[in-house]
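Below is one structure, written out as structure tokens; the observations come after it.
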Amino acid sequence: KYKYVPRERLFAAPLPEPADGDSGATGRATSNDLAARKSALTKSMYQCKAKCMTVKVAGLGAVHEDSGLQESGVVLQENGKVYSETMSLADVRTDTNSYYILQLIHQTAKNRYHVFRKWGRIGTTIGGSKLERLPKAEAIAEFEWQFLDKTGFDFSQR
């Protein structure tokens, strides 16, 4: 659960001590102080390397390439539900910025069902993935349980 934090509190880091003769001695921030603070806030300890991918869309969803099933599978669509979700969590207090991808993939030629999960931190290589082959009913139950576990909401009521 998240609590609202006013924007001015997010940038409430103490200003650097003004040098002698600096206009900051009045207690007001100078433009140099603000620029230094902004620069410090925008620097990241992680390096991001963009990656391009080709996506094959079948129906209302695209099978994630990391599943290895994008050529032979489709995202399951049943009873008006599309079993593909991408979730993110961002919390500036704890410096959390993560994602979670959840898909139920149907290999139509072999009539097999797979639950694919991928997770990690945005902008890093931290994360992992898992692909499970299950009977259809178990795959649907596993997908819906994972959705409930990650969001606190029932998949049918999203």
Side-chain angles (χ1 to χ4, degrees), residues 1-15 34-158:
K1 310 292 183 237
Y2 294 100
K3 182 179 175 186
Y4 173 73
V5 178
R7 182 176 174 83
E8 52 275 1
R9 284 193 47 214
L10 294 176
F11 300 99
L15 290 172
L34 295 175
R37 185 184 302 168
K38 183 178 178 183
S39 174
L41 288 171
T42 58
K43 289 182 182 174
S44 174
M45 63 181 170
Y46 305 107
Q47 291 188 4
C48 178
K49 295 183 180 174
K51 177 181 151 186
C52 296
M53 70 172 107
T54 302
V55 177
K56 180 183 174 187
V57 178
L60 297 175
V63 175
H64 198 282
E65 72 169 345
D66 289 350
S67 70
L69 299 171
Q70 67 270 26
E71 293 299 323
S72 62
V74 296
V75 172
L76 182 67
Q77 300 172 48
E78 192 171 85
N79 300 325
K81 298 177 188 175
V82 178
Y83 287 87
S84 180
E85 294 292 331
T86 301
M87 300 164 259
S88 64
L89 173 66
D91 186 348
V92 294
R93 279 191 182 183
T94 61
D95 192 30
T96 302
N97 193 12
S98 57
Y99 67 89
Y100 197 87
I101 298 168
L102 181 61
Q103 293 188 322
L104 200 163
I105 303 166
H106 179 210
Q107 272 186 298
T108 51
K110 298 179 180 178
N111 200 29
R112 292 181 179 167
Y113 295 87
H114 303 266
V115 175
F116 173 72
R117 298 182 275 162
K118 182 174 179 168
W119 60 90
R121 291 195 55 169
I122 297 172
T124 72
T125 57
I126 298 170
S129 63
K130 184 174 184 178
L131 182 67
E132 293 179 275
R133 190 173 105 192
L134 299 166
K136 182 179 179 180
E138 288 181 39
I140 291 172
E142 177 66 17
F143 179 95
E144 291 179 352
W145 184 88
Q146 289 293 333
F147 185 84
L148 176 65
D149 184 52
K150 302 303 177 215
T151 65
F153 296 101
D154 187 44
F155 183 69
S156 63
Q157 298 177 347
R158 69 192 188 300

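Residues: numbered from 1 along the sequence shown. On a predicted model such as this, the values are computed, not experimentally measured, just so you know.
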Stepwise side-chain contact (heavy atoms from CB on, under 4.5 Å) check, Val115 with Ile140 | CA-CA 8 Å; Val115 175; Ile140 291 172; over 6 Å; no
Output for pair (Lys136 NZ, Leu134 CG), nearest 0.5 Å, gives 13.5 Å
So OG of Ser67 and CD1 of Ile105: to nearest 0.5 Å the spacing works out to 4.0 Å
Only one of Tyr113, Phe116, Phe155 passes ring-ring contact (aromatic ring centres under 6.0 Å, His included) with Phe143, and that residue is Phe155
message = side-chain contact (heavy atoms from CB on, under 4.5 Å) for Tyr100 and Glu85? Distances and angles first, verdict last.
response = CA-CA 8 Å; Tyr100 197 87; Glu85 294 292 331; over 6 Å; no
- [ ] Would you check, one step at a time, whether the test side-chain contact (heavy atoms from CB on, under 4.5 Å) holds for Asp66 with Ile101?
- [x] CA-CA 11 Å; Asp66 289 350; Ile101 298 168; over 6 Å; no
Between Val75 and Ser84, the two heavy atoms sitting closest are CG1-CB, 3.6 Å
One should read off an interatomic distance between Lys118 NZ and His64 NE2, to the nearest 0.5 angstrom, of 4.5 Å
Given the options Gln107, His106, Arg133, Glu132, His114 meets side-chain hydrogen bond (donor to acceptor under 3.5 Å, both in side chains) only with Gln107
Rounded to the nearest 0.5 angstrom, the OG1-CD distance for Thr151 and Gln146 is 10.5 Å
Interatomic distance, OG1@Thr96 vs CD1@Ile122, rounded to 0.5 Å, equals 11.0 Å
Here the gap from Asp154 atom CG to Phe147 atom CZ, rounded to the nearest 0.5 Å, amounts to 8.5 Å
Stepwise, does the side-chain contact (heavy atoms from CB on, under 4.5 Å) test hold for Arg121 with Asp95? CA-CA 10 Å; Arg121 291 195 55 169; Asp95 192 30; 4.2 Å; yes
Heavy-atom nearest pair, Trp119 first then Arg117, reads CZ3-O, 3.8 Å
